[in-house]
Amino acid sequence: MNGAASERDNLILAAQGGDQAAISRLLAVCQADARRYARRHCQASDVDDAVQESLLIISRKVGSLKAAVAFSSWLFTVIKRECHKLLRLTSRHAPLPEQAAEQQLERRSDEALRIDLAHALESLPAHYLEVVLLRDFEELTIAEIAGRLGEPQGAVKSRLHRARELVREYLLGPDH
């Protein structure tokens with residue numbers, strides 16, 4: 001074990017014991033790692049808040065940490081959780097992409113939607129159109145489609161998923 005790791009372990013042990021100076025020093029030592037990790041898991045505007053909140057949580061709960069060797073993974077888990085929490089808070093105000101898509105489709109008349117859907121299906125390559133028709137119009141199961149086409153079920157699922165994505169892109173594209 002090198003000197004820096006040993007010093008950090010000693011700080012963790014002292015912090016676990018409630019030594020306030022050790023807690024402050026430990027937070028200062030791990031702040032750079034915390035910021036680096038938060039930059040990978042948070043939106044840029046949330047990095048400072050996530051690090052600050054995470055270090056506050058660490059300072060309050062370090063005494064409950066069972067093993068000093070678990071500190072780094074615990075720190076990163078706390079940061080990741082804070083990043084996700086901040087993302088949830090900011091995304092509450094803006095409609096989710098799924099909701100925006102539904103709203104866009106709901107604004108169209110039934111007739112316009114039927115026409116757009118027909119055009120979307122016509123735009124599909126034949127091998128995608130085939131699985132959509134078998135699944136959504138003939139209502140065959142994935143196993144039945146795989147049997148009829150002589151292909152593995154996984155390939156059929158993948159093709160169906162991609163076909164539906166292409167239809168969705170067509171319906172929600174810039175022209176609509």
Side-chain angles (χ1 to χ4, degrees), residues 30 32-51 53-55 57-58 61 64-176:
C30 68
D33 289 338
R35 289 189 65 68
R36 244 186 325 276
Y37 191 79
R39 275 191 220 109
R40 283 187 274 162
H41 294 279
C42 286
Q43 294 183 21
S45 61
D46 291 337
V47 169
D48 291 334
D49 291 338
V51 169
E53 189 62 30
S54 297
L55 294 179
I57 291 168
I58 297 294
K61 297 187 177 185
S64 65
L65 182 65
K66 299 213 185 325
V69 296
F71 180 80
S72 290
S73 62
W74 178 52
L75 170 68
F76 296 143
T77 300
V78 170
I79 293 168
K80 193 171 186 179
R81 191 177 309 132
E82 285 304 309
C83 289
H84 288 226
K85 184 171 91 178
L86 289 168
L87 180 62
R88 281 193 309 273
L89 288 173
T90 57
S91 65
R92 279 187 191 163
H93 304 293
L96 297 172
E98 201 59 38
Q99 292 171 329
E102 284 181 32
Q103 290 170 355
Q104 183 180 350
L105 292 173
E106 287 172 358
R107 285 193 292 267
R108 294 189 201 160
S109 69
D110 287 347
E111 184 60 27
L113 199 51
R114 267 193 227 87
I115 291 168
D116 287 344
L117 182 57
H119 289 296
L121 291 172
E122 287 173 1
S123 75
L124 289 176
H127 64 287
Y128 287 141
L129 179 59
E130 182 177 35
V131 294
V132 169
L133 294 176
L134 291 172
R135 179 72 180 117
D136 295 335
F137 291 91
E138 291 189 33
E139 299 181 348
L140 298 180
T141 66
I142 297 296
E144 291 169 334
I145 296 169
R148 186 178 285 188
L149 299 178
E151 295 189 16
Q153 288 186 30
V156 170
K157 285 181 184 179
S158 177
R159 192 176 302 158
L160 180 62
H161 175 75
R162 182 64 183 137
R164 287 177 174 165
E165 286 297 312
L166 289 170
V167 168
R168 178 184 171 83
E169 287 172 18
Y170 185 95
L171 292 174
L172 299 174
D175 298 335
H176 296 99

Quick check for you: to the nearest 0.5 Å, what is the distance between [X] atom [atom1] and [Y] atom [atom2]?
X	Y	atom1	atom2	result
R35	D33	CZ	CG	12.0 Å
E53	I58	CD	CD1	11.0 Å
L160	Q153	CG	CD	12.5 Å

Checklist entry - Who passes side-chain hydrogen bond (donor to acceptor under 3.5 Å, both in side chains) against R162, sequence neighbours left out? => result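 For R162 there are no side-chain hydrogen bond (donor to acceptor under 3.5 Å, both in side chains) partners, ignoring immediate neighbours.
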Item to check | side-chain hydrogen bond (donor to acceptor under 3.5 Å, both in side chains) involving D49 - partner list, sequence neighbours excluded | outcome: none
Item to check | Given L172, L124, L129, the one that forms side chain to side chain contact (heavy atoms under 4.5 Å, CB included) with V167 | outcome: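 So the option named by the test is L124.
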Next on the checklist: Test of understanding: with disulfide bond (SG atoms under 2.5 Å apart), list the residues that count as partners of C30, not counting sequence neighbours.
Outcome noted: none
Next on the checklist: Taking salt bridge (charged side-chain N to carboxylate O under 4.0 Å, His left out) as the definition, give me every residue that meets it alongside R39, ordered by chain and number, with sequence neighbours left out.
Outcome noted: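 R39 satisfies salt bridge (charged side-chain N to carboxylate O under 4.0 Å, His left out) with no residue once adjacent residues are dropped.
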Checklist entry - By salt bridge (charged side-chain N to carboxylate O under 4.0 Å, His left out), which residues pair with R81, not counting sequence neighbours? => result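 Scan of R81 (salt bridge (charged side-chain N to carboxylate O under 4.0 Å, His left out), adjacent residues dropped) gives none.
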For residues 64-75, which side-chain donor-acceptor pairs fall under 3.5 Å, sequence neighbours excluded?
from	atom 1	to	atom 2	distance (Å)
S64	OG	K61	O	2.7
S73	OG	A70	O	3.1

Item to check | Qualifying salt bridge (Lys or Arg N to Asp or Glu O under 4.0 Å) pairs, either residue in residues 138-151, two or more places apart | outcome: E138-R148, E151-R159
Item to check | Residue pairs involving residues 125-136 (criterion salt bridge (Lys or Arg N to Asp or Glu O under 4.0 Å); sequence neighbours excluded) | outcome: D136-R164
Checklist outcome for this item: A118 meets the side chain to side chain contact (heavy atoms under 4.5 Å, CB included) criterion, sequence neighbours left out, with none
Checklist entry - Quick one: side chain to side chain contact (heavy atoms under 4.5 Å, CB included) partners of E111, sequence neighbours excluded? => result S109, R114, I115
Of the non-hydrogen atoms in [X] and [Y], which two are nearest, and what is the gap between them?
X	Y	answer
A163	V132	CB-CG2, 3.4 Å
L86	A50	CD1-N, 3.6 Å
S54	I79	OG-CA, 3.3 Å

Item to check | For Y37, ring-ring contact (aromatic ring centres under 6.0 Å, His included) partners two or more places apart | outcome: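 Here the qualifying residues are H41, F76.
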Checklist entry - So does H84 have more than 12 non-hydrogen atoms from other groups sitting under 6.0 Å from NE2? => result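 Yes - once you tally the heavy atoms of other residues, nucleotides and ligands closer than 6.0 Å, there are more than 12.
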Checklist entry - Would you say L134 and L149 make side-chain contact, with heavy atoms under 4.5 Å? => result yes
